[in-house]
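Beneath this line is the structure, given in structure tokens, with notes to follow.
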Amino acid sequence: QVHLVESGGGLVQAGGSLRLSCAASGRTFSSYAMGWFRQAPGKEREFVAAIGWSGGDTYYADSVKGRFTISRNNAKNTVYLQMNSLKPEDTAVYYCALKRGPFLATTEIGYDYWGQGTQVTVSS
């Protein structure tokens with residue numbers, strides 16, 4: 001089993017920044033991709049960003065492109081999401097997810113393990 005634990009969420013004013021972390025533990029794989037998704041109240045969960053095993057390939061939702069940056073530290077089994085210029089519409093529970101294999105995915109069905117989520121609230 002794989003355990004994913006997110007941290008770094010909180011309350012921030014519009015225009016501010018937060019850095020989310022997701023630490024993986026338990027069963028290990030030779031390679032895995034990681035993704036971030038979010039779910040706002042009353043809405044479906046949506047893709048935010050993903051990163052492949054090497055860290056060289058990343059992909060972002062149009063809504064966060066240029067504001068969010070995904071990165072990873074394989075030695076620490078941790079993925080990060082740096083969120084800048086936050087907007088009230090970024091308010092959501094943010095989930096990290098792990099996909100076996102080196103290549104990233106942008107849909108939920110591509111991921112095998114999920115964290116419990118961390119709340120991000122952006123006030124106007």
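All figures in this text were calculated on a predicted structure; none of them were measured in a lab.
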- Item | Ionic contact status for D62 with K65, cut-off 4.0 Å | yes
- How far apart are the closest heavy atoms of A40 and A92, and which atoms are they? N-CB, 3.7 Å
- For the residue pair V79 and W36, establish whether any side-chain heavy-atom pair is separated by less than 4.5 Å. yes
- Could you tell me which residues satisfy side-chain contact (heavy atoms from CB on, under 4.5 Å) with S17, sequence neighbours excluded, listed by chain and number? Q82, N84
- Message: Do D90 and R67 have side chains that approach each other closer than 4.5 Å (heavy atoms only, starting at C-beta)?
- Response: yes
- Note on the structure: d(H3 NE2, N77 CG) to nearest 0.5 Å is 13.5 Å
- Message: Checking L11 against Q119 for the side chain to side chain contact (heavy atoms under 4.5 Å, CB included) test, could you report, in this order, the C-alpha distance in whole Å, the side-chain angles of both residues, the deciding distance, and whether it holds?
- Response: CA-CA 8 Å; L11 173 64; Q119 176 71 46; over 6 Å; no
- Closest heavy-atom pair and its distance - T91, P41: O-CD, 4.5 Å
- Task: Applying side chain to side chain contact (heavy atoms under 4.5 Å, CB included), run through M34 and L4 and close with a yes or a no.
- Result: CA-CA 11 Å; M34 297 292 295; L4 302 175; 4.3 Å; yes
- Query: Could you state the interatomic distance from NZ (K87) to OG (S124), rounded to the nearest 0.5 Å?
  - Reply: 14.0 Å
- Y113 atom OH, neighbour heavy-atom count above 12 within 6.0 Å: yes
Just list the side-chain donor-acceptor pairs under 3.5 Å for residues 43-53, sequence neighbours left out, or say none.
from, atom 1, to, atom 2, distance (Å)
R45, NE, E108, OE1, 3.3
R45, NH2, E108, OE1, 3.1
E46, OE2, R38, NE, 2.6
E46, OE2, R38, NH2, 3.2

- Message: To the closest 0.5 Å, what do you measure between CG (L98) and SG (C22)?
- Response: 8.0 Å
- Message: Show, in sequence, the C-alpha distance, side-chain angles and deciding distance for E6 and L20, and conclude whether the side chain to side chain contact (heavy atoms under 4.5 Å, CB included) test is met.
- Response: CA-CA 7 Å; E6 302 98 335; L20 305 184; over 6 Å; no
- Task: Evaluate whether atom CD of Q116 has more than 12 neighbouring non-hydrogen atoms of other residues, nucleotides or ligands under 6.0 angstrom away.
- Result: no
- Might you point out which heavy atoms bring A33 and L104 nearest each other, and give the distance in Å? CB-CA, 3.7 Å
- Task: Ignoring hydrogens and angles, tell me if any N or O in the side chain of Y80 forms a donor-acceptor pair with the backbone of T69 under 3.5 Å.
- Result: no
- Work out which heavy atom in R27 is nearest to a heavy atom in V2; give both atom names and the distance. O-CG2, 3.5 Å
- Are L86 and F68 close enough, and set up right, to give a side chain to side chain contact (heavy atoms under 4.5 Å, CB included), and what steps lead you there? CA-CA 9 Å; L86 282 162; F68 291 10; 3.8 Å; yes
- Query: Ring centroid separation for F37 and W114, is it under 6.0 angstrom?
  - Reply: yes
- Do you know which two heavy atoms are closest between V120 and M83, and how far apart they sit? CG2-CE, 3.9 Å
- State plainly whether one hydrophobic cluster holds both L18 and V93, where clusters connect Ile, Leu, Val, Met, Phe, Trp and Tyr through side-chain heavy atoms under 4.5 angstrom apart. no
- Message: Within the supplied structure, the quantity of interest is the number of heavy atoms (other residues, nucleotides, ligands) at a distance under 6.0 Å from F29 CZ; does it exceed 12?
- Response: yes
- Query: Can you tell me how far the OG atom of S54 sits from the CZ atom of R72, to the nearest 0.5 Å?
  - Reply: 8.0 Å
